[in-house]
Chemist: 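Take a look at this one; I'll ask things after.
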Number of protein chains: 2
Amino acid sequence: MALRHAILAALTNGDASGYDLAKAFDITVANYWSATPQQLYRELDKMLEAGLVVARTVEQEKRPNKRMYSLTEEGTAALHRFTTSDPKPIAIRDELLVQVEAMERGDLDAVRTHIQQKLAASETKLKRYEKTREHLLEGRSEASYLANERSIGSYLTLARGITFETENIRWCEFVLTTLAARESRNAADRTDPGHTLAPRSNVHRGQPRGER
Amino acid sequence: MALRHAILAALTNGDASGYDLAKAFDITVANYWSATPQQLYRELDKMLEAGLVVARTVEQEKRPNKRMYSLTEEGTAALHRFTTSDPKPIAIRDELLVQVEAMERGDLDAVRTHIQQKLAASETKLKRYEKTREHLLEGRSEASYLANERSIGSYLTLARGITFETENIRWCEFVLTTLAARESRNAADRTDPGHTLAPRSNVHRGQPRGER
DNA sequence: ATATTCATGTAACAAGTTACATGATTAG
DNA sequence: CTAATCATGTAACTTGTTACATGAATAT
């Protein structure tokens, strides 16, 4: 029942086809909700039956027909009710972190590679988010946008996604630096056992804790 | 099959009962993997059958008996293999963010309350993480711990959890401040229509972007 | 007195994942 | 000419969630 509300929320930004939603769930929505296209198609069918959305088929030349879904009054009401209910705590599933937890019993080089890949993926994602942000702002400052824009929900969730990916990138760099330092220490130990590296980072690179 | 690896990883930090794991999954592991106690009990049974863990019953006075699970060689090997496989991208499900996305079509006051509750919950969680961190460090500096400690996987995942909750707190404060500013602007509009607030925040309070 | 902690489990149901299928169009 | 995009769907299977059940001990 929770995917349902994520879909309803996505549809407040305009009508969409299942395919459109799949893209959105891959891009912006991915910050806070994951779903595969199959889940979306199945859920949209159920939502149709429940009267939360209506569908119209749009005939396209040169493209397969598509079904565009719109919120109904019932759908809008269901969404309103949802904002009233206590949200469940966040659920995260991150295999990379499981691998890092098990790093020492596993294949360190493989994990390092996975972290490098995550770093690259996060950088790509962050760039896309920044573009979306520029697009929303249309040249205005954040302050002016937030003060004057009618609807700021999407901007606020995007802002969370931006800091999330920024921190992912930092963390990946922090881990890679730490592992590299341990490697070179081990190399040094083998040739020059008296040597140790100078201290390097404190609490994950300038993380501004204790500021609040 | 992925919960399985999270359990195996958790067991590298020592033998545990289902109940112990449930606590761990509620505290530290929660940063990167969610599972209910029921899932754990069920999965542990399957892992026993598969020979990835062994169980012994510990008879306790004044407490119900418990089953303590330990990694077998097969379990350790399975975990090693897992670190070799490409991790699936992170999956997040956050109802609060869905509510924020739908804020304007929903009950703004209710959403504000939910954000305040999240803020409080994140502060509690962060304090617990910081305690765990102090406990791991045992008075050493982070640099010295990371350079010398045999196993640093747990510290690294904890570090990610700490920044995650730190950013959650910031984001909640940012949203609450933004909403308050909009409220007072609306109030001012009703009594003193010429007035606007001075600009307030830029990109989510001093987020250090563009630094990399 | 009452709530929380300790400790495990069953059963029913809801949700998520994976594999497969189709088929035209356009970008590189 | 190959890969990606557009666009939807079925079916089988694996996971995750929720409700219920038990029952003593300890902390408030």
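Throughout, a chain's letter reflects where its sequence line sits, starting with A, and its residues are numbered from 1. Side chains included, hydrogens not; waters and symmetry mates left out as well; all remaining heavy atoms used. Given the structure is predicted, the values throughout are model-derived calculations rather than measurements.
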Chemist: What contact category does Q38(B) fall into here, base, sugar-phosphate, or nothing, at under 4.0 angstrom with non-hydrogen atoms?
Modeler: base

Chemist: Rounded to whole Å, how long is the line connecting atom CG of L3(B) with atom P of dG16(C)?
Modeler: 16 Å

Chemist: Quick check: any donor-acceptor pair below 3.5 Å linking the side-chain of R42(B) to the base of dG16(D)?
Modeler: yes

Chemist: Hey, does S17(B) reach any base, or is it just sugar-phosphate, or nothing, if we go heavy atoms under 4.0 Å?
Modeler: sugar-phosphate

Chemist: Tell me which pairs pass ring pair (Phe, Tyr, Trp, His ring centres under 6.0 Å) where either residue lies in residues 75-108 of chain A, with sequence neighbours left out.
Modeler: H5(A)-F82(A)

Chemist: Are the side chains of I92(A) and F164(B) in contact, using a 4.5 Å heavy-atom criterion?
Modeler: yes

Chemist: Would you please confirm or rule out a distance under 4.0 Å between OP1 or OP2 of dG9(D) and any side-chain N or O of K66(A)?
Modeler: no

Chemist: Specify the separation, in whole Å, of atom CG of D26(A) and atom C1' of dC6(D).
Modeler: 15 Å

Chemist: How long is the line joining CD1 of I27(A) and P of dT5(D), in whole Å?
Modeler: 11 Å

Chemist: For R67(B) and dA7(C), give me the distance from atom CZ to atom P, rounded to whole Å.
Modeler: 14 Å

Chemist: So which one's nearest nucleotide on DNA chain C is more toward 5', R63(A) or Q39(A)?
Modeler: Q39(A)

Chemist: Under 3.5 Å, is there a donor-acceptor pair between the side chain of W33(A) and the main chain of I7(A)?
Modeler: no

Chemist: For the backbone of S17(B) and the side chain of D20(B), can you confirm whether one donor and one acceptor N or O come within less than 3.5 Å of each other?
Modeler: yes

Chemist: Would you kindly give the CD-to-P distance between E43(A) and dT8(D), to the nearest whole Å?
Modeler: 16 Å

Chemist: Would you kindly give the CG-to-C1' distance between L48(B) and dT8(C), to the nearest whole Å?
Modeler: 14 Å

Chemist: Name the nucleic acid region contacted by R93(A), choosing base, sugar-phosphate or nothing; use a 4.0 angstrom heavy-atom cut-off, strictly under.
Modeler: sugar-phosphate

Chemist: To the nearest Å, how far apart are D45(B) CG and dG9(C) C1'?
Modeler: 9 Å

Chemist: Give the nucleotide from the list dG23(D), dT17(D), dC6(D) with an atom nearest to the side chain of P64(B).
Modeler: dG23(D)

Chemist: Whole angstroms only, please: what is the CD-P distance between E59(A) and dA24(C)?
Modeler: 17 Å

Chemist: Hey, is the main chain of A30(A) close enough, under 3.5 Å, to the side chain of S34(A) for a donor-acceptor pair?
Modeler: no

Chemist: Any side-chain N or O of Y41(B) under 4.0 Å from OP1/OP2 of dG9(C)?
Modeler: no

Chemist: Closest nucleotide of DNA chain C for K23(B) versus for A35(A): which of these residues is on the 5' side?
Modeler: K23(B)

